[in-house]
Amino acid sequence: MIGIQDRKLALWNIGVAYIAFIIGTFCGLLQVFVRNNSLDLPTWLNYYQILTAHGVLLALIFTTFFIFAFLIAGMSKSLGGFGPKVNLFAWLGFIVTTIGTALATVMIISGKASVLYTFYAPLKASGWYYVALALVIIGTWLSSFALLGHYVAWKKRNKGQLSPLFAYMTVATLILWLIACLGVVATVVFQYIPWAFGWVDTINVELSRSLFWYFGHPLVYFWLLPAYIAWYTVVPKLLGVKVFSDSLARLSFVLFLLFSIPVGFHHQLTEPGISSFWKFLQVVLTFMVIIPSLMTAFSMFATFEISGRKKGGTGLFGWFKKLPWKDVRFTSIFIAMAFFIPGGAGGIINASFQLNELVHNTLWIVGHFHITVGTPVAMTFMGITFWLIPYLTGRKFTKRLQKLAFIQIGSWSIGMLLMSTAQHILGLLGAPRRTAYSGYSGNVNALEWFDGILSNHVTMAVGGTILFLSAMLLVYIVANLLFIAPEAKLKEEIEEFPLAESDKSHTPKFLENWWIWIGVAVALILMAYALPLSHMIQHAPPGSGHHITW
Ligand code: HAS
């Protein structure tokens, strides 16, 4: 087991993650009912307030704290315990991120920041909200530097050696994060904060959106890559086999580092002010970032088959039956992967220049992100929770809790299937996103959207309610694992950190030469962004004033 200090750090991160999860999922429940026109909120609370809280607390805060908990535990496990400097930086990072989170939450709840998680200008929140966001980013940077420092110290002690796969993947994820954040830091510090505090009167909207999406797309891979770390390093261990290919795993992370950043314009395909050439270039690069996910899918199928055959599975699909279905740590992640098949396919549709015209800003996109971040990522994190907390607390994941965990992931899957299918269909029909319920003043066509077997108010409400109940069950399991479950006394009861062996003997050393990959990533970013961004600055239209619509 890892040292007590590192354990505490990881546990505090998990604690904040799940507090955000409770508030965020409750807001989600309110949302489906308001959107169905079956709930009137009290006058002090409005739809856009809860929508902002839902997006920020689940997509940004729950994920970030959970990711750092997982990475902290995994880095301590694979490279050895943290020294005092690493510890200090990681705690500082945690504290600053938490202060930022608390301030942002207060701003949202007090109605001063109903700007949704994308905080598009010219909607204007209180200046303190943007300060809070900056603190969240600074905090994650401190935590990232702590983990990178730990890695550098290990490399110095082990000159010329490839690092363990977990550490390698963590470093790739953190480099991606640091480069991605430059966009959001630039817009928050140089555009939003001066504008929101009234130091300047106007804001360049197109530039702010572009800098946001420079950050916003790699942000989704900052959520996805830790899930992939578990798929590559934890799943094979649960299946009793080695990592399928160490080089393939490392190469896929390098490709994410290269191609996940210069693609933000695929979120802005319908926007004026960016010429089709740059949009098209970034669409091409978006199709490149699909490749490492396909490599991951291939690697997972290979891992399943090797393990199933080793256990006696025969025939074309006989190995499938031999997978450890009764182990909720595996089943949860398997379902997460299965959801990513339609989730990823939806992403490819979104990225297709012409098809984007149909789906952009509709509920389809909401459906898309619920079956990407809301299930493949979130359910992988749930699967990790079931062993990570017992590993850190020394408590037992009892048989009763395991049964509840199966009910929890089952209900999450059903709820998500119902809700996201309804959202996809409604989106295709034309129902908009980022709005409260609208029947367009009783317009017949708009009302017909909700007549379908799946695309109706009831399905959404049932799906949303099941999801909330499932979330509460998860919170119950988490509370048990943190404070109540009996302590593991016998050796076989003690939960391990399942890390599979990975054969590095054929892995090319250049895969760990980060300067090459950072260099190529920067070159691609410059190619995709330098000219269009400088055009937006040099030929800027008159800036926009602000709107506070709530
Ligand atoms: Fe996306 C919008 C394109 C992946 C999240 N995306 C969003 C938004 C979010 C989001 C939050 O091009 C909304 C932003 C907003 O508020 O406006 N997305 C893509 C593409 C991918 C993709 C090309 N997205 C993600 C992931 C996310 C995420 C991952 C979160 C974690 N997305 C877009 C575009 C938009 C967009 C446009 C803008 C739309 C608009 O107009 O506004 C790709 O990365 C997807 C590649 C994935 C695959 C799937 C591989 C499958 C695997 C599973 C294997 C399964 C196994 C199990 C082994 C090709 C790895 C087998 C089981 C059996 C049962 C057989």
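Indexing begins at 1, ligand by ligand and atom by atom, following the structure's order. Counting begins at 1 with the first residue of the sequence. No experiment lies behind these values; they were computed from the predicted model shown.
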Got the closest protein heavy atom to atom 9 (C) of ligand 1, with its distance? F369 CB, 3.4 Å

Is there any N or O on Y117 that sits under 3.5 Å from an N or O of ligand 1? yes

Atom 40 (C) of ligand 1: nearest protein contact (heavy atom, Å): H360 ND1, 3.2 Å

Could you please spell out the steps behind the side chain to side chain contact (heavy atoms under 4.5 Å, CB included) verdict for H266 and N356? CA-CA 9 Å; H266 71 219; N356 185 270; over 6 Å; no

Under 6.0 Å between ring centres: does that hold for F301 and F244? no

Touching ligand 1 at all, Y228? Heavy atoms, strictly under 4.0 Å? yes

Among all the protein's non-hydrogen atoms, which is closest to atom 19 (C) of ligand 1, and how far away is it? G347 CA, 3.4 Å

One residue to check: R434. Relative to ligand 1, which of side chain, backbone, both or neither has a non-hydrogen atom less than 4.0 Å away? side chain

Ligand 1 atoms in contact with I290 (distance to a heavy atom under 4.0 Å): 59 (C)

Would Y221 count as being in polar contact with ligand 1, using the rule that some N or O on each side must be under 3.5 angstrom apart? yes

Distance to 0.1 Å, residue and atom name: give those for the protein heavy atom nearest to atom 57 (C) of ligand 1. M337 CB, 3.5 Å

For Y232 and S252 the tightest heavy-atom approach is OH-OG, 3.3 Å

Check the pair L133 / Y192 against side chain to side chain contact (heavy atoms under 4.5 Å, CB included), numbers first and verdict last. CA-CA 11 Å; L133 294 182; Y192 282 97; over 6 Å; no

What residue and atom, counting heavy atoms only, is the protein's closest point to atom 61 (C) of ligand 1, and at what distance? F301 CZ, 3.4 Å

For a quick test of reading the model, state the closest non-hydrogen atom pair linking A431 to W449 and the distance between them. CA-CZ3, 3.5 Å

Could you work out, for atom 64 (C) of ligand 1, the closest of A59, P342, A338, G343 by heavy-atom distance? A338

State the atoms of ligand 1, each with its element, that fall below the 4.0 Å cut-off from a heavy-atom position in V377. 31 (C)

Is any N or O atom of N356, backbone or side chain, closer than 3.5 Å to an N or O atom of ligand 1? yes

For this output row, return yes or no: ring centroids of W325 and F330 closer than 6.0 angstrom. yes

What verdict does the side chain to side chain contact (heavy atoms under 4.5 Å, CB included) test give for L285 and V289, after you've listed the backbone C-alpha separation in whole Å, the side-chain angles of each residue and the deciding distance to 0.1 Å? CA-CA 7 Å; L285 292 170; V289 81; over 6 Å; no

Any atom of ligand 1 sitting under 4.0 Å from a heavy atom of F287? no

re atom 34 (C) of ligand 1, the protein heavy-atom contact at minimum distance is N350 CB, 3.3 Å

Under 4.0 Å, heavy-atom basis, I'd like to know which part of F265 is in contact with ligand 1: side chain, backbone, both or neither. neither

Ignoring hydrogens and geometry, is there a side-chain-to-backbone donor-acceptor pair from K279 to E271 under 3.5 Å? yes

Between Y18 and F21, ring centroids under 6.0 Å: yes

Is it true that the side chains of W231 and T296 contain a donor and an acceptor less than 3.5 Å apart? no

A351, G264, A297, P292: member with heavy atom nearest to atom 54 (C) of ligand 1: A297

Of all protein heavy atoms, the one nearest atom 26 (C) of ligand 1 is T372 CB, 3.6 Å

Could you list which atoms of ligand 1 come closer than 4.0 Å to a heavy atom of M300? 58 (C)

Looking at non-hydrogen atoms alone, which of R433, H368, H370 comes nearest to atom 7 (C) of ligand 1? H368

Heavy-atom nearest neighbour in the protein, as seen from atom 51 (C) of ligand 1, with distance rounded to 0.1 Å: F340 CD2, 3.8 Å

From CA spacing to verdict: side chain to side chain contact (heavy atoms under 4.5 Å, CB included), T380, Y228: CA-CA 9 Å; T380 301; Y228 274 9; over 6 Å; no

Ring geometry between F222 and W177 (parallel below 30°, tilted from 30 to 60°, perpendicular above 60°): parallel

Pull out every atom of ligand 1 sitting under 4.0 Å from any heavy atom of G344, numbered as shown with elements. 45 (C), 47 (C), 48 (C), 49 (C)

Can you find an N or O of N361 that's nearer than 3.5 Å to an N or O of ligand 1? no

Side chain or backbone of F256 under 4.0 Å from ligand 1, or both, or neither, by non-hydrogen atoms? neither

With a 6.0 Å cut-off on ring centres, are F212 and F119 close enough? yes

Centroid separation under 6.0 Å, is that true for the rings of F66 and W223? no

Nitrogen or oxygen atoms of H267 and ligand 1 under 3.5 Å apart: no

Kindly assign one of parallel, tilted or perpendicular to the pair F304 and F334, based on the angle between their ring planes and the thresholds 30° and 60°. tilted

Logged contact type for L294 with ligand 1, heavy-atom cut-off 4.0 Å, is side chain

What class does the angle between the rings of F70 and F166 fall in, given that below 30° is parallel, 30 to 60° is tilted and above 60° is perpendicular? perpendicular

When you look for heavy atoms under 4.0 Å from ligand 1, do you find them on the side chain of V220, its backbone, both, or neither? both

